Structures are given as structure tokens and as C-alpha cells.
Novice: 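The structure follows.
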Amino acid sequence: MTTKKNPVKDLFFKNSGTKTKKKPKKTSLYVLLIFIAIQFSPILFLTTTYDYFIAQGLEPDVAQAATSGWLIFIAMGIGFAIAMFVVFRDKKFFDIWKGKKLSMGWTILWGIFGFLLLLIGQSLAALIEFAIGIEPGSENTSNLVSIVEVVPAAVFAVVLFGPVMEELVFRRVIFGSLNQTTNFWIATAVSAIVFAIVHMEFAHILLYFTTGLILAFLYQKTKRLLAPIIAHILLNGYVMVIQLNMDKINRFIERLEQLEQLQFIFHLL
């Protein structure tokens, strides 16, 4: 007697746990649930936390940023810890590729190289978006920078917890599962669209697709999730450093321009 296959179950649980005589581990499902909880759990504490900061004498804008910063940091931190516990209990969770994985050294190098690819890819995507009338800049990034300025601890959520969780969900669970049942391009497109939906920036779908494409390529190339994680962490860290020091960078550029003008005057004299 043959048993019927459940395509939905196969999509998320294929090679997602050790196959025993009982049941495979539902690690992919747990990772998804943890990620969803991270996104929505802060809503439960918004009013209470905001009122607390207002009572401490903070201005409404600062209190709002402080509320977002601390709730993001706490939710991401707890979710990250739980996800790591769940994932590393399942020894087969990352075993979804055929063939040999790249060595750890080459994987790290590909992660660093992937960061450079992300910079190039996002720059090209931004140019295309600008050419078709989409304004440059990310409201999501601007909001995160404002939050980090008020709550520096939130930078851990942006640079570490967030990239790791997103790679687990978008690359391992969504892309990794779809890539086994469809193909690379469909898996990349779906994971990129979901990535854009989560970030609520539909105007920059090309930017997110490009990012997802490069990260998915790194994952498939190395067969290790560590490569896209490294590239993602480096990208977020780079953006944070640039944005948080934008005033200093602008002043430095102004000084260089002044020096160039002085050199030109001296040359004439």
C-alpha cells in the first residue's frame, strides 16, 4: 500500500531533519515561526514601552526611536538565541545540497567577495531604478539609522541578528526548499519577493531581487549558508558605518575640495 505525498509538507521539510522511524524534525517550520514572532511580538509592548520612555522625560520622537530600538534589540536577540538552539539540534538541517561543500577558508573568502558583489549589484540596480524614475534611498535604512543613533545596542540587531535570521529564512528555508523542487531562478525570485514584502519596500523590488540573487548564488556556490551570512553582515555593517558617519564624511569631502582649490590657487601664483 503506497502512502500519498504532501507537496506542501515536502516543500518545507525535505532534508530539514533527520529521517528516523518516527518523524523528521520540523526545523524549517520552527525557524519560520520564530522569524514571524520576531516581526510581530514587539507590537504587544509598544504602548507600555513608549509610555515608560515618555515618563522618563524623553521627547516623543526620541521616545519612539528608543521604543523601537530596544524592542527590536530584545526581540531579535531572543529570537536569534532560540533559532540557534533549534537549528544546531538538527544535524541534517543544512544538508540540502548534492556534492561536496567548499572548505571553510574558501567559504569565508567567497563571503567577503560576495560583499563586493552586493555593492556592485546594488549600485547597478539603484542606477536602473533611478533611470525609470524611482527615487534613490531607503526609508527602512533611514529609520534604522535613526533608531541606532538613539539606541546603539540596536546595531547588533541590524548587523548580526537580522542578517543571520534572514539568511536562515530566505536562503535556507525558502530558497533552499524551492531550489530542490523547482529551479534556481524561481527559487531566487520567490525568496526576493518575500524579502521585499517583509521590508515593505515594493518600489525597490529590483534592489531586493539583485541582493537575493547574489546571496542565493553564494549559497549555491559554496553549499554553505555561512557565505551569504558573511556577505549580508558585511553589507549591513558597511551601510551602518557610512550612514552613522555621513556628517563626518561630508565634512571630509568639503575639506578635500577646499584643499584642491588652495592647490589650484597656489599653482596659479
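Worth saying up front: this structure is predicted, and the values here are computed from it rather than measured.
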Novice: Out of curiosity, does L144 fall in the hydrophobic cluster containing L160 (side-chain heavy atoms, cut-off under 4.5 Å, transitive links)?
Specialist: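 Per the 4.5 Å side-chain linkage, L160 and L144 are co-clustered.
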Novice: Look at the side-chain heavy atoms of Ile, Leu, Val, Met, Phe, Trp and Tyr, link any pair under 4.5 Å apart, and say whether F45 and I54 land in one connected group.
Specialist: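 No, F45 and I54 fall in different hydrophobic clusters.
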Novice: Where is the tightest heavy-atom contact between A125 and L206, given as atom of each residue plus distance?
Specialist: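 In terms of heavy atoms, the two residues are closest at O-CD2, 3.9 Å.
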Novice: Using the test side chain to side chain donor-acceptor pair (under 3.5 Å), find all partners of Y208 that sit at least two apart in sequence or belong to another chain.
Specialist: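 With sequence neighbours excluded, Y208 shows a side chain to side chain donor-acceptor pair (under 3.5 Å) to E201, given in chain and number order.
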Novice: If every non-hydrogen atom of M165 is compared with every non-hydrogen atom of A83, which pair is closest and at what distance?
Specialist: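 The pair with the smallest heavy-atom distance is SD-CB, 3.6 Å.
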Novice: Compute whether any side-chain donor of one residue and acceptor of the other, for T210 and Q122, lie under 3.5 angstrom apart.
Specialist: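 There is no such pair between these side chains.
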Novice: Apply side chain to side chain contact (heavy atoms under 4.5 Å, CB included) to residues S28 and R172 and explain how you reach the verdict.
Specialist: CA-CA 8 Å; S28 292; R172 167 53 187 91; 4.0 Å; yes
Novice: Taking all heavy atoms of A189 and all of F209, pick out the closest pair and write down the distance.
Specialist: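 Scanning both residues completely, I find the closest heavy atoms to be CA-CE1, 3.6 Å.
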Novice: Given the rule in the side chain to side chain contact (heavy atoms under 4.5 Å, CB included) test, do N179 and W97 qualify, once you have shown the distances and angles that lead to the verdict?
Specialist: CA-CA 10 Å; N179 192 48; W97 299 102; 3.2 Å; yes
Novice: Side-chain atoms of residues 213-241: list all donor-acceptor pairs with protein atoms under 3.5 Å, sequence neighbours left out, distances to 0.1 Å.
Specialist:
{"from": "T222", "atom 1": "OG1", "to": "L218", "atom 2": "O", "distance (Å)": "2.8"}
{"from": "T222", "atom 1": "OG1", "to": "R224", "atom 2": "N", "distance (Å)": "3.2"}
{"from": "T222", "atom 1": "OG1", "to": "R224", "atom 2": "O", "distance (Å)": "3.1"}
{"from": "R224", "atom 1": "NE", "to": "L102", "atom 2": "O", "distance (Å)": "2.6"}
{"from": "R224", "atom 1": "NH2", "to": "L102", "atom 2": "O", "distance (Å)": "3.3"}
{"from": "H232", "atom 1": "ND1", "to": "E167", "atom 2": "OE2", "distance (Å)": "2.6"}
{"from": "H232", "atom 1": "NE2", "to": "E166", "atom 2": "OE1", "distance (Å)": "3.3"}
{"from": "N236", "atom 1": "ND2", "to": "V158", "atom 2": "O", "distance (Å)": "2.8"}

Novice: So which pairs with a foot in residues 70-86 pass side-chain hydrogen bond (donor to acceptor under 3.5 Å, both in side chains), sequence neighbours left out?
Specialist: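 Counting only pairs at least two positions apart or across chains, no side-chain hydrogen bond (donor to acceptor under 3.5 Å, both in side chains) contact touches residues 70-86.
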Novice: To the nearest 0.5 Å, tell me how far I38 CD1 sits from L71 CG.
Specialist: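 Rounded to the nearest 0.5 Å, the CD1-CG separation comes to 13.0 Å.
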Novice: Would I120 and I112 show up in the same hydrophobic cluster when neighbours are defined by side-chain heavy atoms closer than 4.5 Å?
Specialist: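 I120 does not cluster with I112.
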Novice: Look up atom CZ in F184 and atom OG1 in T182, then write down how far apart they are to the nearest 0.5 Å.
Specialist: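 Output value for this atom pair is 11.0 Å.
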Novice: Is it the case that atom CD in E59 sees more than 12 heavy atoms from other parts of the structure closer than 6.0 Å?
Specialist: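 No, CD of E59 has 12 or fewer neighbouring heavy atoms, counting only those of other groups under 6.0 Å.
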Novice: Out of curiosity, does I34 fall in the hydrophobic cluster containing I36 (side-chain heavy atoms, cut-off under 4.5 Å, transitive links)?
Specialist: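 Hydrophobic grouping puts I36 apart from I34.
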Novice: Pair V173, F93 - check side chain to side chain contact (heavy atoms under 4.5 Å, CB included), show working.
Specialist: CA-CA 9 Å; V173 176; F93 180 67; 4.3 Å; yes
Novice: Tell me, please, which residues at least two apart from S123 pass side chain to side chain donor-acceptor pair (under 3.5 Å).
Specialist: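 Result, side chain to side chain donor-acceptor pair (under 3.5 Å) vs S123: none returned.
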Novice: Tell me the side-chain hydrogen bond (donor to acceptor under 3.5 Å, both in side chains) pairs involving residues 35-47, sequence neighbours left out?
Specialist: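 Qualifying pairs: none.
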Novice: Looking at CD1 of I174 and CD1 of I193, how far apart are the two atoms once the value is rounded to the nearest 0.5 Å?
Specialist: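 Result: 11.0 Å between the selected atoms.
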Novice: For residues I205 and E129, determine if any side-chain heavy atom of one lies less than 4.5 Å from a side-chain heavy atom of the other.
Specialist: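 No, too far: nothing below the 4.5 Å cut-off.
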Novice: Which distance, rounded to the nearest 0.5 Å, do you find between the OG1 of T211 and the CG of L117?
Specialist: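 Those atoms lie 11.5 Å apart.
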Novice: Looking at every heavy atom in both G212 and R171, which two are closest together, and how far apart are they?
Specialist: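 Where G212 meets R171 most closely, the heavy atoms are CA-NH1, 3.7 Å.
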Novice: List for me each residue that meets ring pair (Phe, Tyr, Trp, His ring centres under 6.0 Å) alongside F113, sequence neighbours excluded, and say none if there are none.
Specialist: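 With sequence neighbours excluded, F113 shows a ring pair (Phe, Tyr, Trp, His ring centres under 6.0 Å) to W110, given in chain and number order.
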Novice: Quick check on the hydrophobic clustering: are I82 and V87 connected, directly or via other members, by side-chain heavy-atom contacts under 4.5 Å?
Specialist: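 I82 and V87: one cluster.
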Novice: Applying side chain to side chain donor-acceptor pair (under 3.5 Å), name anything that partners S191, two or more places apart in sequence or on another chain.
Specialist: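 With sequence neighbours excluded, S191 shows a side chain to side chain donor-acceptor pair (under 3.5 Å) to no residue whatsoever.
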Novice: Tell me which pairs pass salt bridge (charged side-chain N to carboxylate O under 4.0 Å, His left out) where either residue lies in residues 101-121, with sequence neighbours left out.
Specialist: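 Only D95-K101 qualify under salt bridge (charged side-chain N to carboxylate O under 4.0 Å, His left out).
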Novice: Over all heavy atoms of both residues, which pair between A37 and P42 is shortest? Give the atoms and the distance, please.
Specialist: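 Heavy-atom minimum between the residues: O-CD, 4.2 Å.
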Novice: Can you name the side chain to side chain donor-acceptor pair (under 3.5 Å) partners of Q64, sequence neighbours left out?
Specialist: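 With sequence neighbours excluded, Q64 shows a side chain to side chain donor-acceptor pair (under 3.5 Å) to no residue whatsoever.
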Novice: Would you sort out whether Y30 and D90 count as a side chain to side chain contact (heavy atoms under 4.5 Å, CB included), showing the intermediate values?
Specialist: CA-CA 11 Å; Y30 297 151; D90 185 355; over 6 Å; no
Novice: Rounded to the nearest 0.5 Å, what separates atom OG1 in T67 from atom CD1 in I72?
Specialist: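 Atom-to-atom, T67:OG1 and I72:CD1 are 10.5 Å apart.
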Novice: Among all residues two or more places apart in sequence or in another chain, which pass the side chain to side chain contact (heavy atoms under 4.5 Å, CB included) test with V150?
Specialist: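 Scan of V150 (side chain to side chain contact (heavy atoms under 4.5 Å, CB included), adjacent residues dropped) gives V62, A65, A66.
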Novice: Counting only N and O atoms by type, is there a donor-acceptor contact under 3.5 Å from the side chain of T181 to the main-chain atoms of L178?
Specialist: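 Looks like yes, one N/O pair under 3.5 Å.
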Novice: Search all heavy atoms of I147 against all heavy atoms of S68 and return the closest pair with its distance.
Specialist: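 Looking at all heavy atoms of both residues, the closest pair is CD1-CB, 3.6 Å.
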Novice: For F170, which residues count as a ring pair (Phe, Tyr, Trp, His ring centres under 6.0 Å) partner, sequence neighbours excluded?
Specialist: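 Expected list: F35, F195.
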Novice: What residue pairs, at least two apart or across chains, pass ring-ring contact (aromatic ring centres under 6.0 Å, His included) with a residue in residues 127-162?
Specialist: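 Those involving residues 127-162 are F80-F161.
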